[in-house]
Amino acid sequence: MSQLDLLNLSRSCAQGLTSDFAQIITITFAMVVAIYYFLHQAGIRMKIFAFTLYTFGIFAYFGMMLMDSEVALGVQKALRAIPSGALESPTQYYLGVRESWLGITTSALLNLVFWILWLGTGYLIFFWK
């Protein structure tokens, strides 16, 4: 694969991650609305059922995010294997950003926010009011 193909594949993975994360946020806010309007009055069985369905949905998207992340890591590994003299400027910048504090922080925040959303929803459904 050429550098352009690898960069395009990486961009495609980033778009998939963004899309999947947006779906996770949407599902979570829909769950928060459901908790506010309906589930805070429901019995424990209904709460467990709703949280179980929510968990399946959110972890399905999380799994898709992990698959895209693994492909993106493979792309980065392939790009790093190219001799530095042969790297084109966009590739150098891409690898530089991915290995910088910004790339590392972004990856960590995506993981952290996922767990905060999931645990926060669990707290709201079982312990709020």
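Atom set for the values below is all heavy atoms of this structure, side chains included, hydrogens, waters and symmetry mates excluded.
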Quiz item: If you look only at pairs with a residue in residues 99-113, which of them pass as a salt bridge (Lys or Arg N to Asp or Glu O under 4.0 Å), with sequence neighbours excluded?
Solution: Arg80-Glu99
N/O donor to acceptor pairs below 3.5 angstrom from side-chain atoms of residues 37-54, sequence neighbours left out:
{"from": "His40", "atom 1": "ND1", "to": "Ile35", "atom 2": "O", "distance (Å)": "3.0"}
{"from": "His40", "atom 1": "ND1", "to": "Tyr36", "atom 2": "O", "distance (Å)": "2.8"}
{"from": "Thr52", "atom 1": "OG1", "to": "Ile48", "atom 2": "O", "distance (Å)": "2.7"}
{"from": "Tyr54", "atom 1": "OH", "to": "Thr28", "atom 2": "OG1", "distance (Å)": "2.9"}
{"from": "Tyr54", "atom 1": "OH", "to": "Thr121", "atom 2": "OG1", "distance (Å)": "3.3"}

Quiz item: Taking the side chain from Ser12 and the backbone from Asn8, do they hold a donor-acceptor pair closer than 3.5 Å?
Solution: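 No; zero donor-acceptor contacts below 3.5 Å.
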Quiz item: Just by modelled atom types, is the Gln15 backbone N or O under 3.5 Å from a matching donor or acceptor in the Ser19 side chain?
Solution: no
Same hydrophobic cluster for [X] and [Y], using side-chain heavy-atom links shorter than 4.5 Å among ILVMFWY?
X: Ile116; Y: Val33; value: no
X: Leu117; Y: Leu112; value: no
X: Leu124; Y: Phe56; value: no
X: Leu17; Y: Leu102; value: no
X: Val97; Y: Leu73; value: no

Practice problem: Kindly indicate whether the side chain of Ser84, heavy atoms from C-beta on, has any atom under 4.5 Å from the side chain of Gln92. | Solution: no
Quiz item: Side-chain contact, heavy-atom cut-off 4.5 Å: Ile58 with Gln23?
Solution: no
Mind checking the [atom1]-[atom2] spacing from [X] to [Y]? Nearest 0.5 Å is all I need.
X: Ile104; Y: Leu109; atom1: CD1; atom2: CG; result: 12.0 Å
X: Asp20; Y: Leu66; atom1: CG; atom2: CG; result: 10.0 Å
X: Ser10; Y: Asp5; atom1: OG; atom2: CG; result: 12.5 Å

Quiz prompt | Residues which pass ring pair (Phe, Tyr, Trp, His ring centres under 6.0 Å) with Phe114, listed by chain and number, not counting sequence neighbours | solution =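 Counting only residues at least two positions away or on another chain, Phe114 forms a ring pair (Phe, Tyr, Trp, His ring centres under 6.0 Å) with Phe59, Phe62.
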Quiz item: Got a sec, which residues hit ring pair (Phe, Tyr, Trp, His ring centres under 6.0 Å) with Tyr93, two or more places apart in sequence or on another chain?
Solution: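 Not a single residue meets the ring pair (Phe, Tyr, Trp, His ring centres under 6.0 Å) criterion with Tyr93.
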Practice problem: List, by chain and then residue number, the residues other than Leu7 in its hydrophobic cluster (Ile/Leu/Val/Met/Phe/Trp/Tyr, side-chain heavy atoms under 4.5 Å); write none if there are no others. | Solution: Met1, Leu6, Leu9, Val71, Val75, Leu79, Ile82, Leu87, Tyr94, Leu95
Exercise. Evaluate the criterion side-chain contact (heavy atoms from CB on, under 4.5 Å) for residue pair Met67 and Cys13; output intermediate values, then yes/no.
Key: CA-CA 9 Å; Met67 287 188 283; Cys13 290; over 6 Å; no
Exercise. Any side-chain hydrogen bond (donor to acceptor under 3.5 Å, both in side chains) involving residues 61-72? Give me the pairs, sequence neighbours left out, ordered by first then second residue.
Key: none
Exercise. Kindly indicate, with the supporting measurements, whether the criterion side-chain contact (heavy atoms from CB on, under 4.5 Å) is fulfilled by Phe21 and Val113.
Key: CA-CA 10 Å; Phe21 192 69; Val113 169; 3.4 Å; yes
